[in-house]
Visitor: 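This is the structure I want to talk about, given as structure tokens.
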Amino acid sequence: MVKLNNDVNIPELGLGIYKIDEADVERVLNTAIEAGYRAIDTAWFYKNEKALGQALNEINIDREELFITTKLWNDFQGYEETIKAFNDSLESLQLTYIDMYLIHWPCPEDELFIETYKAMEQLYKEGKIKAIGVCNFKEHHLEKLLAETEIVPAVNQVEFHPIFNQKDLQAYCESKGIKITAWSPLMRGGEWLNNPVLKEIADKYNKTAAQVIIKWHLQQGRIVIPKSQNDQRIIENFDVFNFELTEEDLAEIDSFHTNERQFRDPDEVKIGDMK
Ligand SMILES: NC(=O)c1ccc[n+]([C@@H]2O[C@H](COP(=O)([O-])OP(=O)(O)OC[C@H]3O[C@@H](n4cnc5c(N)ncnc54)[C@H](OP(=O)(O)O)[C@@H]3O)[C@@H](O)[C@H]2O)c1
């Protein structure tokens, strides 16, 4: 567990469910819960909040043990729109409160993220959200947010993997009490997980490259939310609490950094341009 800046605890390893079809959510959730996951990361944009709500209803775990994150979609930025979108997500998820609610993208050109965040502060004060935060905020977005709002975000969820290792942003966030959550922590898997350097590190511990990368995130103080819809890989990704990377291993993985984003630059995302 990681303690956020408002003393709320969040599991450091959760399951991301972007691109998981509604039809697969129940199976995926059951496998994840069985494997030990208690945190699930979804978003309005993922179109699986309803299915997650139904699946959560069926499992036999105390609500307080679970940590459910969802996100305010770009198209709903603005004070009133945020309150409405939040209530819609709450209903879809069949919950009475959400553990963490995040602004999905800053959409800086639209200049609505301050109002949006103020609505989230209100919902937080009403007890409907346990922790509020943001995604894809660069330092200059955070500077503005911190200057113009009251509650310091608990989390900034950003693209973070060995190729695009945002250490400076992490250091800045940590100096403000904001935790980094790494999205696309495995850089969406695929061929690059066969990298021989990763394989060599993984072999030393009888682990996989994916497990090594997840551990790299955890040992460097990031919350991490790898996505998988494959039962075996869901289990594999959680089986990372019985080994420790050395400083040399961490440095080798750090050296993969090329500073190349694999996904969109947050400054360029505008309301309405992602469907
Ligand atoms: N806030 C944001 O803007 C934002 C943006 C993107 C993502 N996210 C969140 O972050 C989560 C994770 O990011 P992501 O889904 O983009 O990418 P990711 O977790 O880096 O990678 C997921 C991909 O890797 C594969 N994979 C997973 N475990 C594996 C393993 N052990 N070995 C080999 N391949 C493996 C998965 O395939 P299988 O499913 O077939 O296993 C899937 O194709 C998302 O689900 C979402 O919750 C947030």
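We're numbering straight along the sequence, starting at 1. Counting convention: from 1, in listed order, for ligands and their atoms alike. Side chains are part of it too, since the values below use all heavy atoms of this structure and drop only hydrogens, waters and symmetry mates.
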Visitor: Considering all heavy atoms of both residues, which atom of Pro11 and which atom of Phe67 are nearest to each other, and what is their separation?
Guide: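 Heavy atoms only, the tightest pair is CD-CB, 3.7 Å.
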Visitor: Mind checking side chain to side chain contact (heavy atoms under 4.5 Å, CB included) for Gln170 and listing every partner two or more places apart, or none if nothing turns up?
Guide: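 Phe160, Glu174, Ile180, Arg222.
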Visitor: Enumerate the protein residues lying less than 4.0 Å from ligand 1, judged by heavy-atom distances, in chain and residue-number order.
Guide: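 Protein residues near ligand 1 are Gly16, Ile17, Tyr18, Asp41, Tyr46, Lys71, His104, Trp105, Cys135, Asn136, Gln157, Trp183, Ser184, Pro185, Leu186, Met187, Arg188, Gly189, Leu193, Ala210, Ile225, Pro226, Lys227, Ser228, Gln229, Asn230, Arg233, Glu236, Asn237.
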Visitor: Please tell me whether Phe137 and Phe113 form a close aromatic pair, meaning their ring centres lie under 6.0 Å apart.
Guide: yes
Visitor: What residue pairs, at least two apart or across chains, pass ring pair (Phe, Tyr, Trp, His ring centres under 6.0 Å) with a residue in residues 161-194?
Guide: Trp183-Phe263
Visitor: Go through the structure and list residues passing ring pair (Phe, Tyr, Trp, His ring centres under 6.0 Å) with Phe256, not counting sequence neighbours.
Guide: none
Visitor: Considering non-hydrogen atoms only, spot the tightest contact between Gly177 and Asn5 and give its length.
Guide: O-ND2, 3.1 Å
